[in-house]
Amino acid sequence: MGAVIVIDSFWGDSGKGKIAAWMSKRDNALVCARAGIGTNAGHSIYMSDGELIKTRQLPLGFMNPDTQIVIGSGVAVDPEVFADEVERYGLADRVKVDYRCPVILPEHRERETANAHLSETVGSTKSGSGAARVDFILRKNKQARDIDSLKPYADDVAKIVNEAAAEGLVIVECSQGTYLSLALSPDYPFVTSDNCTAAAAADDVGLNWQLIDGCCLIVKAVPSRVGEGPLPGELDPEEIKKRGIDEYGVVTGRLRRKAESIPYDMLRYACMLNGPTEIAVTFMDHYDPECANAVTPDQITQKAWDLIKTIEKETGVPVTIVETGKLFDHIVDIKDVPRP
Ligand code: IMP
Ligand code: MG
């Protein structure tokens, strides 16, 4: 089988966690591994009974009860956030943290909060992820194996991931987005503290490249950005609210900025960097409210199909999944569906 890496094409907040959870369930993944930076991410899923599942540290692949969830050694772990999520979702028996993960301590959060450059210029989430990475690079941070509360979960996640990928399916759930990459975004310093590409995600979890079977690139139908930095075709906040597509950050509660349309030149560059084998288009209901909550291909509107066809034409990559609404079920598999 091998591993499929789920990556965001622009600035994140595109539903990677939900798509990774849905793929873990559909294809009964053995393992869902969290890649990315740290707790600066926010992943959420609304269930049909009204429950909101929200994580900043754990991958949402736990939505499949048979999937083991792990955090790769490249991801900064906040022991408080980790403990809270493990307890809230009852995951103690199937979660592992790589023993080498750098940890986020209260002082890391405090340092970011007190840093005007990060708060005001960059628009950081102030989760402590970057400061924890700084100390790790200076080789003075603690690792998961040094923290009593993490010890029971500490394991060799690289080994778990590579062994599972040799045998069955592994989903690698990244966080942030390609254009927030530290060394690959044109927007430095308006970026996060590491790269957020498919290769970076594989490295975050210690995955051998020969075991990569595919990359699912998430394209948000109406791209958004939180924090500072350029956003081509940015909509006015009043216009965002008028259209009813206002969203607020899971970690910070900030109103997400929105773009008028997909910047195709940037999307092609994201494809060049990530090498996607398939694309999932998310938030299609923000692009065309008429197709909100569609669950079958015939409920997808012509306007939405036209966007799908444009994305396929511009990138040369097949769109296989469309997300149409907030609930976990509001996803349509269009892999082999003829395009009207
Ligand atoms: P930091 O990584 O929290 O320091 O934030 C740096 C920049 O990346 C800011 O513009 C944040 O808003 C943005 N950012 C970090 N993590 C995420 C994420 O998961 N989704 C969207 N934006 C993020
Ligand atoms: Mg990394």
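Each ligand, and each atom within it, is numbered from 1 in the order the structure gives. Hydrogens, waters and symmetry mates play no part in the numbers below; they use all other heavy atoms, side chains included.
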(message) I need the nearest protein heavy-atom contact for atom 3 (O) of ligand 1: residue, atom name and distance, please.
(response) Thr125 OG1, 2.6 Å
(message) If we count only N and O atoms by modelled type, under 3.5 Å, do the side chains of Glu110 and Thr113 hold a donor and an acceptor together?
(response) no
(request) May I ask you to identify the nearest protein heavy atom to atom 2 (O) of ligand 1, giving residue, atom name and distance to one decimal place in Å? (result) Thr192 OG1, 2.6 Å
(request) Kindly report the OD2-the Mg ion (ligand 2)-OD1 angle for Asp194 and Asp204 respectively, rounded to 10°. (result) 170°
(request) Identify which one of Thr197, Asp8, Asn274, Asn195 satisfies the side-chain hydrogen bond (donor to acceptor under 3.5 Å, both in side chains) criterion when paired with Thr178. (result) Asn274
(request) Determine whether more than 12 heavy atoms belonging to other residues, nucleotides or ligands lie under 6.0 Å from atom NZ of Lys159. (result) no
(message) Looking at Tyr264, I want to see if its OH is surrounded by more than 12 non-hydrogen atoms of other residues, nucleotides or ligands under 6.0 Å.
(response) yes
(request) Mark up the atoms of ligand 1 that fall under 4.0 Å of a heavy atom belonging to Val122, in ascending order. (result) 6 (C), 9 (C), 10 (O)
(message) Checking a contact table here: which protein heavy atom is nearest atom 17 (C) of ligand 1, and how many Å away?
(response) Gln176 CG, 3.6 Å
(request) Determine, stepwise, if the pair Thr282 / Glu323 fulfils side-chain hydrogen bond (donor to acceptor under 3.5 Å, both in side chains). (result) CA-CA 5 Å; Thr282 56; Glu323 187 223 24; 4.6 Å; no
(request) Could you tell me whether ligand 1 has any atom less than 4.0 Å away from a heavy atom of Trp11? (result) yes
(message) Can you check which of Asn115, Asn40, Thr39 brings a heavy atom nearest to atom 18 (C) of ligand 1?
(response) Asn40
(message) Within the structure, is a non-hydrogen atom of Leu118 found at a distance of less than 4.0 Å from ligand 1?
(response) no
(request) Within a distance under 4.0 Å of any heavy atom of Val226, pick out the atoms of ligand 1 and give their elements. (result) 10 (O), 12 (O), 21 (C), 22 (N)
(request) Pick, from Gly227, Gly123, Gly17, the option with the minimum heavy-atom distance to atom 9 (C) of ligand 1. (result) Gly123
(request) May I ask you to check whether Phe328 and Tyr46 place their ring centres under 6.0 Å from each other? (result) no
(request) Report yes if some N/O of Val191 lies less than 3.5 Å from some N/O of ligand 1; otherwise report no. (result) no
(message) With respect to Ser127, determine whether any N or O atom, backbone or side chain, lies less than 3.5 Å from an N or O atom of ligand 1.
(response) no
(request) Among all protein heavy atoms, pick the one closest to atom 14 (N) of ligand 1 and tell me residue, atom and distance. (result) Leu180 CD1, 3.8 Å
(request) Taking atom CD of Glu107 as the centre, report whether more than 12 heavy atoms of other residues, nucleotides or ligands fall under 6.0 Å from it. (result) yes
(message) Any atom of ligand 1 sitting under 4.0 Å from a heavy atom of Glu112?
(response) no
(message) Go through it in stages, so that I can follow the logic: the residues are Asp246 and Tyr248, the test is side-chain hydrogen bond (donor to acceptor under 3.5 Å, both in side chains), and I'd like the CA-CA distance, side-chain angles, deciding distance and then a yes or no.
(response) CA-CA 7 Å; Asp246 45 321; Tyr248 300 86; 3.1 Å; yes
(request) List the closest protein heavy-atom neighbour of atom 5 (O) of ligand 1: residue, atom name, distance to the nearest 0.1 Å. (result) Ser124 CA, 3.4 Å
(message) Give me the nearest non-hydrogen protein atom to atom 20 (N) of ligand 1 as residue plus atom name, then the distance to 0.1 Å.
(response) Asp13 OD1, 3.2 Å
